[in-house]
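Notes to accompany the following structure.
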Amino acid sequence: MNTLIAPETDQRRPEFPTQQPRIEVVAPLAPGDEAILTPAALDFLAALHDRFAHTRHELLARRLQTRVDAANGRDPKFLPETEWIRLDPEWRVAGAAPGLEDRRVEITGPTDRKMAINALNSGARVWLADQEDATSPTWGNVIGGQRSLYDFLRGQLEYTSPEGKEYRVTAERTPTIVFRPRGWHLVEKHLRFHDRAGRSMSASGSLVDFGLYFFHNAEALIAQGSGPYFYLPKLESHLEARLWNDVFVFAQQELGLPQGTVRATVLIETIQAAFEMEEILFELREHCAGLNAGRWDYIFSIIKTFRSRGRRWVLPDRTQITMTVPFMRAYTELLVSTAHRRGAYAIGGMSAFIPDRRNPEVTERALEKVALDKRREAGDGFDGSWVAHPDLIATAKAEFDAVLGERPNQLDRLREDVEVGAADLLDIPSAGGEVSDAGVVDNIAIAIRYIESWLRGVGAAAIDHLMEDAATAEISRSQIWQWLDNNTVTAEGTRIDQTSIVASMAAAVAALPRFEGDRFDDAISVFREVALAPEFPTFLTVGAYARFF
């Protein structure tokens, strides 16, 4: 009997050449930048991207599907597959870490040298060092902000203005730093990630901001009695929180730090995240300190999610969307009760009113409104809140002192009286109010003026005695888009269409404070793209960054 024997074959998979992942700097460096962009720091960024860039892209694709579902009428909901997390009464988050025990007043602001020094001298308990909505992401701002923090932690932060005024950190007690990196959706185009297959892509803004700050400063922060603490922005699901947690675990392993050294406070500033607060806390529980009510981005998220649902979902003038409208009350009440149930701090949002030292009447009105806002938050159970200006710290502190006294927090207020369901979070039509001709012009003017400031590299701009950042500008431009898409009729009887918008833009543009070297022409162009185009860009900053930075 003859036996046929098959010829020998190589069953191994073909080998493809791979290369070492790396980060390439594709922008010029200013003097001193080499202290931040060291070979070791770039290797750390490359390791982060090698490990997590793919998951980030998958989650961004998931966001896109969620947006399509919402446009087709599918509401956000409490997830049935994670109900076991919500029903389990036992688990808690890590909670406060050194320097985060008392957070009654936090000051927010960008990380340029002057603003950093002012924040560090402010007397606030915490400084939200913001590389996100309050920072225009010029290459100079991105690396300059890292240098500000690097220098402060090494006792060498100072600044001299063009007029010759000198700024130094003089406070005996400086605020605990909580650093806010950019959101998952943003890129850093001045750094290129080359993966193992040889593909090149813009680096993740989130991983760049986090990675540089953590790599250079984690050990110095611990040595000075605090630690690497972060605010996490723009999350839309617990899976995005899981990704951050994985980043923290990996980063601590790489630097040889104990697991749980990192602390994160999550901004609940999307309607999707509002339905997954407990799951977000659960994913981050070994590294989580609290939740924050990011009110302005939350309003933007509401408009963006339901923008095409019809006139029932159209919101009134921006000034009429207060924290006391039913859907905003439901959101903040649920946040406090959820956070405290799991041992997490609940931090209130930023009131946009700011004082004017040259105008006592404006200052008095701002202080009254801020006091009312912080009194409501303290009474609702929040453990602290944000201000955007040093002159507001005393007012906010007084309101929280009146409730907290000598206690560092009110975690014992579990708010078991709160019962918030999906219908309450989605009760957008009950906001009431109206759209006015003046509201249209104001939104156009605010958006254009902020975009102009942002294009010049200033990400937090005082406009008409309000502190505007990317989040508030997003509200202004997205309302224009929604009103236009729904042919909204104003209280004065004006139908908002292309003809009326052209007229309103003309009125807004005529009143712009033009000056030598301004970027208003570019800002008007950006505004047209993000507010008047048929398709709604998810973020105004994405296209403008790609085009101008």
Original post:
With Phe215, which residues qualify under ring-ring contact (aromatic ring centres under 6.0 Å, His included), at least two apart?
Top reply: Phe44
Subject >> Sidechain-backbone polar pair: His49 side chain, Ser204 backbone, donor-acceptor under 3.5 Å >> reply: yes
Original post:
In this structure, which one of Phe527, Phe536, Phe300 forms a ring-ring contact (aromatic ring centres under 6.0 Å, His included) with Trp481?
Top reply: Phe536
Original post:
Considering residues, nucleotides and ligands other than Arg358, do more than 12 of their heavy atoms fall under 6.0 Å from its CZ?
Top reply: no
Original post:
Is Asn359 reaching over with its side chain to a backbone N or O of Val362, donor-acceptor style, under 3.5 angstrom?
Top reply: yes
Original post:
Which pairs, with at least one residue in residues 366-403 and sequence neighbours excluded, count as a ring pair (Phe, Tyr, Trp, His ring centres under 6.0 Å)?
Top reply: Tyr231-Trp386
**OP:** Please check if any side-chain donor atom of Thr324 sits under 3.5 Å from a side-chain acceptor atom of Thr322, or the reverse.
**Re:** yes
Subject >> For the student: nearest non-hydrogen atoms of Ile446 and Ile463, plus distance >> reply: O-CD1, 4.2 Å
Subject >> Cationic N near anionic O, under 4.0 Å, Arg357 to Asp391 >> reply: yes
Subject >> Basic-acidic side-chain contact under 4.0 Å: Glu377, Arg375 >> reply: no
Subject >> N-O pairing of Asp102 and Arg104 below 4.0 Å >> reply: yes
Subject >> Minimal non-hydrogen separation, Pro233 against Pro181, with atom names >> reply: CG-O, 3.2 Å
Original post:
Per the ring-ring contact (aromatic ring centres under 6.0 Å, His included) rule, which among Phe52, Phe248, Tyr229 passes with Phe210?
Top reply: Phe248
Subject >> Val266 side chain near Ile268 side chain, heavy-atom distance below 4.5 Å >> reply: yes
Original post:
Between Arg318 and Ser476, does any side-chain donor sit less than 3.5 Å from a side-chain acceptor?
Top reply: yes
**OP:** Please assess Leu315 against Ile303 for the test side chain to side chain contact (heavy atoms under 4.5 Å, CB included), listing each intermediate value before the final yes or no.
**Re:** CA-CA 8 Å; Leu315 287 174; Ile303 300 168; 3.7 Å; yes
**OP:** Quick one: do Ile444 and Arg477 satisfy side chain to side chain contact (heavy atoms under 4.5 Å, CB included)? Show the steps, please.
**Re:** CA-CA 7 Å; Ile444 294 170; Arg477 71 92 181 183; over 6 Å; no
Original post:
Does the side chain of Phe193 reach to within under 4.5 Å of the side chain of Ser202, using non-hydrogen atoms?
Top reply: no
Original post:
With no hydrogens and no angle check, is any side-chain donor or acceptor of Trp454 less than 3.5 Å from a backbone partner on Ala461?
Top reply: no
Original post:
With no hydrogens and no angle check, is any side-chain donor or acceptor of Ser148 less than 3.5 Å from a backbone partner on Thr111?
Top reply: yes
Original post:
With a 4.0 Å cut-off, would you call Glu188 and Arg182 a salt bridge?
Top reply: yes
Original post:
Are Val387 and Met350 side-chain neighbours, meaning at least one heavy-atom pair lies under 4.5 Å?
Top reply: no
**OP:** Fit a plane to each ring of Tyr545 and Phe549, take the angle between them on a 0 to 90° scale, and name the class: parallel (under 30°), tilted (30 to 60°) or perpendicular (over 60°).
**Re:** tilted
Subject >> Interatomic distance, Leu120 atom CG to Arg168 atom CZ [nearest 0.5 angstrom] >> reply: 14.5 Å
Original post:
Would you call Glu219 and Arg154 a salt bridge, taking side-chain N to carboxylate O under 4.0 Å as the test?
Top reply: no
**OP:** Mind running side chain to side chain contact (heavy atoms under 4.5 Å, CB included) on Glu368 and Leu372 for me, showing each step along the way?
**Re:** CA-CA 6 Å; Glu368 289 176 354; Leu372 183 63; over 6 Å; no
Original post:
Restricting to pairs with a member in residues 508-522, which pass side-chain hydrogen bond (donor to acceptor under 3.5 Å, both in side chains), not counting sequence neighbours?
Top reply: Arg514-Asp518, Arg514-Asp521, Arg519-Asp522
Subject >> Residue pair Pro408 / Leu404: nearest heavy atoms and the distance that separates them >> reply: O-CD1, 4.3 Å
**OP:** Please list, chain by chain and in numerical order, all residues satisfying salt bridge (charged side-chain N to carboxylate O under 4.0 Å, His left out) with Lys189, sequence neighbours excluded.
**Re:** none
Original post:
Side chains of Asp356 and Thr363: is there a donor and an acceptor less than 3.5 Å apart?
Top reply: no
Original post:
Would you say Trp244 and Trp184 make side-chain contact, with heavy atoms under 4.5 Å?
Top reply: yes
Original post:
When you check the side-chain N and O atoms of Arg547 and Ser525, is any donor under 3.5 Å from an acceptor?
Top reply: yes
**OP:** Any chance you could lay out the side chain to side chain contact (heavy atoms under 4.5 Å, CB included) test for Arg125 and Thr176, step after step, and finish with the verdict?
**Re:** CA-CA 6 Å; Arg125 297 280 184 162; Thr176 299; over 6 Å; no
Original post:
Looking only at side chains, do His194 and Glu24 share a donor and an acceptor under 3.5 Å apart?
Top reply: yes
Original post:
Residues in side chain to side chain contact (heavy atoms under 4.5 Å, CB included) with Pro513, at least two apart?
Top reply: Arg449, Phe520
Original post:
Does CD in Glu361 sit with more than 12 non-hydrogen atoms of other residues, nucleotides or ligands closer than 6.0 Å?
Top reply: no
Original post:
Does the Asn443 side chain pair with the main chain of Ile480, one donor and one acceptor, at a distance under 3.5 Å?
Top reply: no
**OP:** May I ask you to check whether Ser200 and Arg192 show a side-chain donor-acceptor distance below 3.5 Å?
**Re:** yes
Subject >> Asp469 backbone acceptor or donor facing Thr472 side chain under 3.5 Å >> reply: yes
Original post:
Are any side-chain N or O atoms of Ser504 and backbone N or O atoms of Ile501, one a donor and one an acceptor, separated by less than 3.5 Å?
Top reply: no
Original post:
Between Lys374 and Ser385, is there a donor-acceptor pair closer than 3.5 Å when you use the side chain of the first and the backbone of the second?
Top reply: no
Original post:
Is any side-chain heavy atom of Leu221 closer than 4.5 Å to a side-chain heavy atom of Leu153?
Top reply: yes
Original post:
Do Arg103 and Asn409 have side-chain heavy atoms sitting under 4.5 Å apart?
Top reply: no
Original post:
Donor-acceptor pair, Ser478 side chain versus Glu474 backbone, under 3.5 Å?
Top reply: yes
Subject >> Non-hydrogen side-chain atoms of Leu235 and Thr270 separated by less than 4.5 Å >> reply: no
Original post:
So is Lys234 actually on top of Phe539's ring, under 6.0 Å and inside 45° of the axis?
Top reply: no
**OP:** Return the minimal non-hydrogen interatomic distance between Met467 and Ala388, and the atom names on each side.
**Re:** CG-CB, 4.0 Å
Subject >> Residue pair Tyr213, Phe230: steps toward the ring-ring contact (aromatic ring centres under 6.0 Å, His included) verdict >> reply: CA-CA 10 Å; Tyr213 179 71; Phe230 299 92; 5.8 Å; yes
Subject >> For Ile36 against Ala41, the heavy-atom pair lying closest together >> reply: O-CB, 3.5 Å
Subject >> Side-chain (Tyr345) to main-chain (Glu101) donor-acceptor, under 3.5 angstrom >> reply: yes
**OP:** Show the numbers, then the answer: is there a salt bridge (charged side-chain N to carboxylate O under 4.0 Å, His left out) between Glu269 and Arg295?
**Re:** CA-CA 6 Å; Glu269 52 188 355; Arg295 61 177 72 173; over 6 Å; no
Subject >> Residue pair Ala27 / Trp139: nearest heavy atoms and the distance that separates them >> reply: CB-NE1, 3.5 Å
Subject >> Residue pair Val142 / His190, side-chain heavy-atom distance below 4.5 Å >> reply: no
**OP:** Please identify each residue that fulfils side chain to side chain donor-acceptor pair (under 3.5 Å) with Arg113, with sequence neighbours left out.
**Re:** Asp151
